[in-house]
Amino acid sequence: MNRAGICLWFILFFVLSCSSDYRDIATENGRQAVIDEATNHLTAGLCDRALETLSDLYNSDHVDNEVRQLYASAYACKGGLNFPSMFVALKDSPDIWNALIKSNYSAGTGDLKVDNMLRSAEILRETSSIEGNYFASTRPRDVNAYMVFVQLNLISLTLSPLGAANPDDGKRRKPTPICSPAATCIARDQCRVAVAVANIRDSIDSLPSGPITDKISIAFNAACSAVGGGCPTVLDPSDAACTAAMQVQGQVLIDTFASQWGT
């Protein structure tokens with residue numbers, strides 16, 4: 001075999017050897033390749049591609065908290081969470097609900113944003129050091145930071161259609177209370193908001209102070225002062241946990257947040 005043939009054989013052997021390892025989740029290099037590819041998809045806003053790339057690894061025995069958080073991020077991406085636009089909006093606006101809704105508008109359940117955000121939160125809870133535990137103290141700090149913004153979006157995605165949000169600027173177009181004349185919102189809205197507030201308060205306590213976290217804390221302290229007995233404490237998002245008491249708390253919070261949300 002001449003030199004050119006030998007060189008070609010070595011190149012072909014090297015490529016085939018690498019390709020057998022590429023994205024093979026049984027190997028460390030393969031798992032890292034999957035993570036890197038999914039991260040690139042998320043950076044490009046290709047939420048479904050990221051989910052497809054991560055699916056096998058997430059559902060394997062090789063899953064870890066890095067993979068869980070990335071998989072949760074892909075669902076949050078499908079739910080419309082966009083960190084750059086959200087941070088800019090929160091930084092520049094004194095009204096956190098206008099800012100959040102402007103960065104992630106929803107006309108209602110048809111867009112499935114709430115469903116995807118709920119799935120994201122569910123996966124984030126899987127990072128707990130105690131299986132089935134809901135408390136932030138059992139999760140990594142970076143996961144708790146992400147949880148805060150997922151839950152904030154769950155509230156703003158609930159408020160957006162109820163208040164007939166303007167898709168252009170995120171402002172409320174419906175007068176408060178936004179659930180009138182129907183008297184109250186439905187139980188699912190009420191409990192979703194109550195559970196989101198409980199999770200935000202639990203998660204944010206584990207985070208350092210900062211301009212955005214402080215702004216969120218101020219808005220929530222004001223809202224919780226309107227709720228008899230203070231902020232909700234139930235962290236369980238299941239329908240079974242949606243008691244009549246939580247529905248009352250959630251309704252008060254919805255009304256209070258709507259009053260904070262400008263027109």
Main-chain N/O of I178 paired to T176 side chain as donor or acceptor, under 3.5 Å: no
Looking at N40 and D36, would you say the former's side chain and the latter's main chain have a donor-acceptor pair under 3.5 Å? yes
Within 6.0 angstrom of K113 NZ, more than 12 heavy atoms from elsewhere: yes
Verify same cluster id: I212, M147 (apolar side-chain graph, 4.5 Å): yes
Are L235 and L152 joined in one hydrophobic group, where the rule is that I, L, V, M, F, W and Y side chains link up if heavy atoms are under 4.5 Å apart? no
What's the verdict on side chain to side chain contact (heavy atoms under 4.5 Å, CB included) for N82 and F87, showing C-alpha distance, side-chain angles and the deciding distance? CA-CA 9 Å; N82 182 303; F87 280 129; over 6 Å; no
Using side-chain heavy atoms (C-beta onward) and a distance below 4.5 Å, is P232 in contact with V195? no
Quick one: does S160's side chain have a donor or acceptor within less than 3.5 Å of a partner on S156's backbone? no
Under 3.5 Å donor-acceptor, R172 side chain and A258 backbone: yes
Any side-chain donor-acceptor pair under 3.5 Å between N29 and T27? no
Within the supplied structure, the quantity of interest is the number of heavy atoms (other residues, nucleotides, ligands) at a distance under 6.0 Å from R188 CZ; does it exceed 12? no
Are M246 and V197 connected in the hydrophobic side-chain network, where two residues link if heavy atoms are under 4.5 Å apart? no
Side-chain contact test, heavy atoms from C-beta onward, threshold under 4.5 Å: evaluate it for H41 versus C77 and give yes or no. no
S73 (side chain) donor-acceptor with Q69 (main chain) under 3.5 angstrom: yes
Hey, does R192 have a side-chain heavy atom less than 4.5 Å from the side chain of V114? yes
Side chain to side chain contact (heavy atoms under 4.5 Å, CB included) evaluation trace for D56 with V34: CA-CA 10 Å; D56 288 344; V34 169; over 6 Å; no
Would one find more than 12 heavy atoms of other residues, nucleotides or ligands at under 6.0 Å from atom NZ of K215? yes
Indicate whether the side chain of N116 and that of R119 have a donor and an acceptor atom separated by less than 3.5 Å. no
Any chance you could lay out the side chain to side chain contact (heavy atoms under 4.5 Å, CB included) test for T213 and V148, step after step, and finish with the verdict? CA-CA 9 Å; T213 53; V148 168; 6.0 Å; no
Residue pair D111 / S106, side-chain donor-acceptor N/O under 3.5 Å: yes
Nearest 0.5 Å please: distance from the CG atom of L207 over to the CD1 atom of I200. 11.5 Å
For residues Q247 and A187, report the shortest heavy-atom separation together with the two atoms involved. CD-CB, 3.6 Å
Please say which of L57, L51, L124 ends up in a side-chain contact (heavy atoms from CB on, under 4.5 Å) with Y71. L51
Is L154 reachable from V234 through a run of I, L, V, M, F, W or Y residues, each pair having side-chain heavy atoms under 4.5 Å apart? no
Would you call the rings of F149 and F83 parallel, tilted or perpendicular if under 30° counts as parallel and over 60° as perpendicular? perpendicular
Quiz question: by atom type and distance under 3.5 Å, do the side chains of N221 and R201 form a donor-acceptor pair? yes
For S60 and I25, which heavy atoms make the closest approach, and how far apart are they? CB-CD1, 3.8 Å
Is there a path of hydrophobic side-chain contacts, each under 4.5 Å between heavy atoms, that joins I204 and V227? yes
Where do A76 and Y146 come nearest, in terms of heavy atoms and distance? CB-OH, 3.5 Å
V252 and F257: CA distance, side-chain angles, deciding distance, side chain to side chain contact (heavy atoms under 4.5 Å, CB included) verdict: CA-CA 9 Å; V252 173; F257 291 147; over 6 Å; no
Under 3.5 Å side-chain donor-acceptor pair for D255 and Q251: yes
Using atom types as modelled and distance alone, determine if a side-chain donor or acceptor of Q260 lies under 3.5 Å from a backbone N or O of D95. no
Is there a donor-acceptor contact under 3.5 Å from the side chain of Q190 to the main chain of V248? no
Working to the nearest 0.5 angstrom, can you tell me the gap between N153 CG and L81 CG? 4.5 Å
Side-chain heavy atoms of L46 within contact of L42, under 4.5 Å: no
Nearest heavy-atom contact between T256 and A222 is CG2-O, 4.5 Å
Using a distance-only test with no angle check, is there a side-chain donor-acceptor pair under 3.5 angstrom linking N144 and R139? yes
Between W97 (side chain only) and S259 (backbone N and O only), is there a donor and an acceptor less than 3.5 Å apart? no
Backbone N/O of N199 and side chain of S203: donor-acceptor pair under 3.5 Å: yes
Close side-chain approach of L100 to N104, heavy-atom, < 4.5 Å: no
Rounded to the nearest 0.5 Å, what's the gap from CG on L54 to CZ on R31? Could you check? 13.5 Å
What heavy-atom pair brings Y105 and A165 nearest, and what distance separates the two atoms? CE1-O, 3.3 Å
Using side-chain heavy atoms (C-beta onward) and a distance below 4.5 Å, is T263 in contact with R173? no
Does any non-hydrogen side-chain atom of V63 lie less than 4.5 Å from one of R68? yes
From E52 atom CD to C47 atom SG, the distance as rounded to the nearest 0.5 Å: 11.0 Å
Quick one: are D189 and V193 in side-chain contact, heavy atoms under 4.5 Å? no
For Y75 against I123, the heavy-atom pair lying closest together: CD1-CD1, 3.6 Å
